Amino acid sequence: MTKTNEVLDSVAIRFAGDSGDGMQLTGTQFTDTAAILGNDLSTFPDFPAEIRAPQGTLAGVSGFQIHFGSVEINTPGDYCDVLVVMNAAALKANLRELKEGGIIIANIDGFDPKNLRLANIAPDQNPLENGSLSKYQVFTMDVTKITRAALANDSGLGVKEIDRSKNMFVLGFIYWMYNRNLDHSIKFLTEKFGKKPDILDANIKLLKAGYNYGETVETFTTRFTVEPAKMAPGTYRNIMGNQAAAIGLVAASEKSGLPIFYGSYPITPASDILHELSKYKHFGVRTYQAEDEIAAICSIIGASFGGHLGVTASSGPGIALKTEAMGLGFMLELPMVVIDVQRGGPSTGLPTKTEQSDLLQAYYGRNGEAPLPIVAACSPADCFDAAFQACKIAIEHMTPCFMLSDGFIANGAEPWMFPKSEDLPKITPPFITEFNADGKFLPYKRDEKLSRPWAVPGVKDLQHRIGGIEKQHETGNISYDPENHEFMVKLREEKVERIANYIPEQKLDSGNAKGKMLVVGWGSTYGAIRSACTKARAEGYDVSHAHIRYLRPFPKNLGEILNNYDMILMPEMNNGQLVKIIRDKYFVPAIPLNKIMGLPFTSHEIYDKIIELLKVEETVFASNGATK
């Protein structure tokens, strides 16, 4: 039978199955291949919250969505075009994510009576047979049976080992479906299983079997092609947010001349930064896995005091444990970077689900008056720049600095163009090696930034007192004087506020400089807001978009920008945190749009709110008898 080929601008595919079905690996391999072929892309790994959920249950479903195309891709896709499911639970958990008319590829072995029961589906209500999927294109294949048959004779593997490889058959078939070659995945398998030839041969055989199945079976008559995207010239790699953050830290180390000391305690979804940094020992990176969160941050205080760049990372619960030590670092005025990869909370909350719920904790979560600068990443690749800028602020302004990420961008991936070293700004540590005041050393004598000098141990005649007790101005001596305390509190706050003089002014991501509506976002809502605003403007609506990276202090011109619009909409994956701060500081009636479901915004959710508000405004405008 003749196969036809259809060219598409973009496609969203969602792989879903049990945690042991290898859906994350399947998605990652397809993503890497798409990146190599030059597609723009965005991914959303959707991990189950339970480590060992019962096999076949809804709680154990693991998903991976990739949106790739020849056009600009800003989100993993509001809905997927293709849903690949390995069992009934995966279909039940993810069917709502599939577009009407979309393609379902189902492993029929995962829809037997046992799997139906585990997914809480009645035995006589098999969705593959009862007509409930009539509005979709459904294709079934017995992946388990085909996999076992392909390896039955000469693989040397047992049934369990063979079944673990069935994701490679699925990957091979999807490669055929979208005209992808197998070379990258074969290279990956060779590197991963080179010392286990039986497993290597089985996986490569199944990868090819899946591809050949698409070629030979008559059920599938259409293949799809997605051309490379038109992107700026340069060298690209596919990168996840935690990887980019780690490389940004290394880049800051190189540009500042400071070795990194990274002390952390494992916590989802921040642990991969530790794993990634451990690969960079040849850059002078020291990694330390502490016994707990408090030990981790205390270790970086010591490292920073000793002249290193001290960095730690955690998520919401761990940040709560670190707060007292952050206050100490603030009082000592040492350069430290604290990365918060946010997740659903409070308490243990939703460890594998995303949220932006730690902004107020970063703003106010320390005893006393202890303001810290805050930088937020907006995409996986942007984690590089955010980490680099957090280091630059911490070092040049002698203060702990927050970098906020979240589970969505930490585990998501997109193409990243390698920056050139010469294009990165130099970072200048304010080291001091001699007296700074008439033959003596004043450890808290300040420069135009209000930063104190950095005197590391071992420098002759620069020994000085440190600690968490209030300090006398300039000398650093212990002081209980009431006027001095108030002076120092305001001085330390002004030091943080002056950082605004050294960061870029706020720019619009898109839209007019003045108009009806400004959509203001921060962090990982960037892609969804950008897509929503682009669509609304294409339909003639007057809407602009500003995305804030520097959350404390704000860029100096932010207030001026906010006052140029009739209406301000602020989408956040929390119960309204930045909107409270913006209202308090700028006295603008910002409108919140909140989502607290452990899932990122879709662009349609934001687009619908934009249209709703603008139409209400038009109705009010018309009812008042005004004319445009």
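If you read the sequence from its start, that first residue is 1, and numbering goes on from there. Quick caveat: nothing in here was measured; it's all calculated off a predicted structure.
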For this session: List for me each residue that meets salt bridge (charged side-chain N to carboxylate O under 4.0 Å, His left out) alongside E254, sequence neighbours excluded, and say none if there are none.
Result: none
Exercise. Can you name the one residue among Q24, Q65, R14 that meets side chain to side chain donor-acceptor pair (under 3.5 Å) with D46?
Worked result: R14
For this session: Examine K449 relative to Y502 and say whether NZ or CZ is less than 6.0 Å from the centre of the six-membered ring and inside a 45° cone about the ring axis.
Result: yes
For this session: Look at the rings of H547 and Y526 and say which category their plane angle falls in: under 30° parallel, 30 to 60° tilted, over 60° perpendicular.
Result: perpendicular
For this session: Quick one: sort the F44 and F408 rings into parallel, tilted or perpendicular, breaks at 30° and 60°.
Result: perpendicular
Problem set entry | Side chains of F601 and I529 in contact at under 4.5 Å (non-hydrogen atoms) | no
Exercise. Is the distance between the ring centroids of F224 and Y178 less than 6.0 Å?
Worked result: yes
Problem set entry | Modelled atom types, side-chain donor and acceptor of Q243 and W416, under 3.5 Å | no
Problem set entry | Donor-acceptor pair between S314 and E293 side chains, under 3.5 angstrom | yes
For this session: Please name the residue in the list V285, L309, I300 that meets the side chain to side chain contact (heavy atoms under 4.5 Å, CB included) test with F261.
Result: I300
Exercise. What residue among L37, I13, L8, T43 forms side chain to side chain contact (heavy atoms under 4.5 Å, CB included) with F68?
Worked result: I13
Exercise. What closest approach, in Å, do R366 and Q361 show between heavy atoms, and which atom pair accounts for it?
Worked result: NH1-O, 3.8 Å
For this session: Measure across P504 and P555 and return the closest heavy-atom pair with its distance rounded to 0.1 Å.
Result: O-CB, 3.7 Å
For this session: List in chain and number order the residues that pass side-chain hydrogen bond (donor to acceptor under 3.5 Å, both in side chains) with H184, two or more places apart in sequence or in another chain; answer none if no residue qualifies.
Result: none
